[in-house]
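Notes for the one structure printed next.
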Protein chains: 2
Amino acid sequence: MTTSEGIEKVLREASMRVTRPRVAVLAAVTAHPHADTETIIEAVRQEHPLVSHQAVYDSLKLLTNLGLLRQIQPHGHIARYETRVGDNHHHVVCRNCGTLADVDCAVGAAPCLHASDHHGFSIDEAEVIYWGLCPDCQQAKTAQPATGTV
Amino acid sequence: MTTSEGIEKVLREASMRVTRPRVAVLAAVTAHPHADTETIIEAVRQEHPLVSHQAVYDSLKLLTNLGLLRQIQPHGHIARYETRVGDNHHHVVCRNCGTLADVDCAVGAAPCLHASDHHGFSIDEAEVIYWGLCPDCQQAKTAQPATGTV
DNA sequence: GTAATTATCTTGACTCATTCAAAATAAATA
DNA sequence: TATTTATTTTGAATGAGTCAAGATAATTAC
């Protein structure tokens, strides 16, 4: 799905050109799951130093629209991307350090889609973000009790 | 809870001063559920024209930290606020026009807190956003089939 | 009630992820 | 290989939100 042949096929089927930035961006996100845009730009430039940030932004948006990438953007954080799409999984975000991890859906396939009263909206996606503390930050909090750096 | 006496009590218990901007901001959000910051600033200035935008930002942040307000910020949208807090309800957002509505939790009290595998994170909140189309935009889409303005 | 203290507000500049736009480039087609 | 035009480069612009210094007003002490 996210192999270099895979992206070619998807792009051509969407009548989009297969360009170096696009292929490199998909490869970068595959290599760096949950990476932010800055990290992706750096990763792309390891291989292709002349790619502009604009091309990365454009590619990220295009690949997201084509369903090859998924964008995650918790409150107060910049956008991040991942290649794991279409399996209804969610994310945990650490309130302290911003670390992000995947979480499979609690109840099964796509349970949260069944809102009790949806006011006539036609719902196509339930996005779930769990907030808490990652293991490291839990330790740090208990280790330095009072005067913790916030 | 969100009455003018209520906010006084909460502020004093938190050793915070009861100021005009703070009371006005809470009143504005109460009067305009799901309002964005700009709307809140305008509403506050109806009564108190000299209040600065900075004071509104500060008040919103403080009231949110004190648990009197809740911030909602779906991807690609600016922050919005509501006074309905602590009852574990969620939101539907229209992909087309950005309209936002409340949705009660599907399965009961706080079901989504039970992530299947939480990687050692200690989870304290499950934030759920449903994405779809509001009734108006559904009509608009079916009415103007092909050349719809996106 | 008045004065002193200091949290809060005003003002205005600043940040920074993201977007816009014009000219240059390169992927696809003939 | 030449042509067409989607993409990319470059560099400026946007805008929600933040920062910081001095002014103001909510509270406390008298």
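Keep in mind the model is a prediction, meaning the values are calculated, not measured. Residue numbers begin at 1 in each chain, while the letters A, B, ... track the order of the sequences. Because only heavy atoms are used, hydrogens play no part in the values below, and waters and symmetry mates are left out as well, while side chains stay in.
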What integer distance in Å separates [X]:[atom1] from [N]:[atom2]?
X        : N       : atom1 : atom2 : result
Leu63(B) : dC9(C)  : CG    : P     : 10 Å
Arg22(A) : dT25(C) : CZ    : P     : 19 Å
Leu50(B) : dG12(C) : CG    : P     : 13 Å
Ile7(A)  : dA27(C) : CD1   : P     : 14 Å

What distance do Asp102(B) atom CG and His91(B) atom NE2 have between them, rounded to the nearest 0.5 Å? 4.5 Å
Enter the distance from Ile40(A):CD1 to Tyr57(A):OH here, rounded to the nearest 0.5 Å. 9.5 Å
So, using salt bridge (Lys or Arg N to Asp or Glu O under 4.0 Å) as the criterion, who are the partners of Arg12(A) when residues are at least two apart? Glu8(A)
Only counting residues at least two apart or in another chain, list the ones meeting salt bridge (Lys or Arg N to Asp or Glu O under 4.0 Å) with Glu82(B). Arg70(B)
Donor-acceptor under 3.5 Å (Gln138(B) side chain, Gly120(A) main chain): yes
Check whether any side-chain N or O of Arg20(A) sits under 3.5 Å from a backbone N or O of Val51(A) as a donor-acceptor pair, and report yes or no.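 Side chain of Arg20(A) to backbone of Val51(A), a donor-acceptor pair under 3.5 Å: no, none is there.
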Just report the end-to-end axis angle for the helix from dG1(C)-dC30(D) to dA30(C)-dT1(D), five pairs per end, to 10 degrees. 40°
Residues Asp36(A) and His77(A): side-chain donor-acceptor under 3.5 angstrom: no
Reading 5' to 3' through nucleotides 11-19 of chain D, protein heavy-atom contacts under 4.0 Å coded B for base, S for sugar-phosphate only, - for none: B----SBBB
Just one of Val93(B), Val92(B), Leu133(B), Val103(B) clears the side-chain contact (heavy atoms from CB on, under 4.5 Å) bar with Phe121(A), so which one? Val92(B)
Under 3.5 Å, N/O pairs linking protein and nucleotides 24-29 of chain D:
residue: dA26(D); atom: N3; partner: Arg17(B); partner atom: NH1; Å: 3.3
residue: dT27(D); atom: OP1; partner: Arg12(B); partner atom: NH1; Å: 3.1
residue: dT27(D); atom: OP1; partner: Val18(B); partner atom: N; Å: 3.0

Which is it for Leu26(A) and Arg22(A) under the side-chain contact (heavy atoms from CB on, under 4.5 Å) test, yes or no, and what are the steps along the way? CA-CA 6 Å; Leu26(A) 186 63; Arg22(A) 287 173 181 171; over 6 Å; no
Considering residues at least two apart in sequence or located in another chain, which fulfil the side-chain contact (heavy atoms from CB on, under 4.5 Å) criterion with Gln73(A)? Gln71(A), Ala79(A), His75(B)
